[in-house]
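Report on the structure given below.
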Amino acid sequence: MNTAARGASVPVIAVDGPSGVGKGMVTRWLAQRLGWHRLDSGALYRILALAADRAGIGPERPDAVAALAPGLAIEFRGHSEADEAVLVDGRDVTAALRQERTGGLASRIAAAPAVRAALLQRQRDFRRPPGLVADGRDMGTVVFPDAVLKLFLDADAEARARRRWLQLREKDVDASLIDLCADVRARDERDRSRTAAPLVPATDAVVVDTTSMSAAEVLQTVERLLGSAGL
Ligand code: DC
């Protein structure tokens, strides 16, 4: 049996949706609950965006950005948001990855088919027994179309910007709600309108609108869907 066929027997739950919708919370919870691995695909785009930025390569040169991907030694450590760390070539880049600027750059490089192709196999390599919970924009449509459960989380841009603003305030980081809202809208527009793997629910995805739900209500809904999928 080749590696692809072996990998395909390992179940995947795909969780897609726009930035700030709570995919991180849901996928961490699912991974812990099921004892499965977790892929934060956005982190891979952020890592590549940061590496390109540090090498002085802008998003207007997607082939040069994509060429950096195979050479990056990436290590994910920890399991909860508090103890997670990302090392690239042995260097801790966790804080730099979380910056809004890195997210914006990631969204720009992610529009290029060459960049998406360079990261495709790297994402599929996370599929290991007993299962994988994959967090992203195109997990259910492109990367793992055979996922056993596909969730698409959505929420109004204002609600997502407000959640982000509250999170930053908790960490004593000053941010303008108006600027955050503008960033969220710009990123949404880019992620939804690109031709390569745009942000859209898979035809067989369950769409959950979390705009007026608390975190606990979102998790209750996910738990119910998990039960309906026999997981
Ligand atoms: O999930 P995130 O905010 O860390 O992702 C950063 C950017 O990466 C996002 O704006 C779009 C891009 N991305 C993508 O195009 N496809 C994915 N599967 C994950 C992220």
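First listed ligand is number 1; within each ligand, the first listed atom is number 1. In what follows, residues are counted from 1 in the order of the sequence shown.
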Legend entry - Presence of salt bridge, R187 and E189, under 4.0 angstrom: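 Salt bridge between E189 and R187, a charged N being under 4.0 Å from a carboxylate O: no.
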Inset, instruction - In plain terms, say whether D154 and R192 are close enough for a salt bridge, that is, a side-chain N and a carboxylate O under 4.0 Å apart. - result: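 Looking at R192 together with D154, the answer is yes, because their closest N to O distance falls below 4.0 Å.
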Inset, instruction - Look up atom CD1 in I47 and atom CG in L119, then write down how far apart they are to the nearest 0.5 Å. - result: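 Between I47 CD1 and L119 CG, I get 9.0 Å after rounding to 0.5 Å.
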Inset, instruction - Kindly write out the residues that satisfy side-chain hydrogen bond (donor to acceptor under 3.5 Å, both in side chains) with R101, not counting sequence neighbours, or none if the list is empty. - result: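 In terms of side-chain hydrogen bond (donor to acceptor under 3.5 Å, both in side chains), with neighbours along the sequence ignored, R101 is linked to D53.
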Legend entry - With R33 via side-chain hydrogen bond (donor to acceptor under 3.5 Å, both in side chains) - residues at least two apart: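 If we apply the side-chain hydrogen bond (donor to acceptor under 3.5 Å, both in side chains) test to R33, skipping adjacent residues, the hits are E223.
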Give every pair made of an N or O atom of ligand 1 and a protein N or O atom lying under 3.5 Å apart, one pair per line with both atom names and the distance to 0.1 Å, or write 'none'.
unit_1: ligand 1; atom_1: 1 (O); unit_2: R137; atom_2: NH1; d: 2.9
unit_1: ligand 1; atom_1: 1 (O); unit_2: R137; atom_2: NH2; d: 3.4
unit_1: ligand 1; atom_1: 3 (O); unit_2: R46; atom_2: NH2; d: 3.0
unit_1: ligand 1; atom_1: 3 (O); unit_2: R137; atom_2: NH2; d: 3.3
unit_1: ligand 1; atom_1: 3 (O); unit_2: R187; atom_2: NH1; d: 3.1
unit_1: ligand 1; atom_1: 4 (O); unit_2: R46; atom_2: NE; d: 2.6
unit_1: ligand 1; atom_1: 4 (O); unit_2: R46; atom_2: NH2; d: 3.3
unit_1: ligand 1; atom_1: 10 (O); unit_2: R187; atom_2: NH1; d: 2.9
unit_1: ligand 1; atom_1: 10 (O); unit_2: D191; atom_2: OD2; d: 2.9
unit_1: ligand 1; atom_1: 15 (O); unit_2: R116; atom_2: NH1; d: 2.8
unit_1: ligand 1; atom_1: 15 (O); unit_2: R116; atom_2: NH2; d: 3.4
unit_1: ligand 1; atom_1: 15 (O); unit_2: R194; atom_2: NH1; d: 2.9
unit_1: ligand 1; atom_1: 15 (O); unit_2: R194; atom_2: NH2; d: 3.0
unit_1: ligand 1; atom_1: 16 (N); unit_2: R116; atom_2: NH2; d: 3.0
unit_1: ligand 1; atom_1: 18 (N); unit_2: S41; atom_2: OG; d: 3.0
unit_1: ligand 1; atom_1: 18 (N); unit_2: R137; atom_2: N; d: 3.1
unit_1: ligand 1; atom_1: 18 (N); unit_2: D138; atom_2: OD1; d: 2.9

Legend entry - side-chain contact (heavy atoms from CB on, under 4.5 Å) partners of S41, counting only residues at least two apart: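 L39, Q123, M139.
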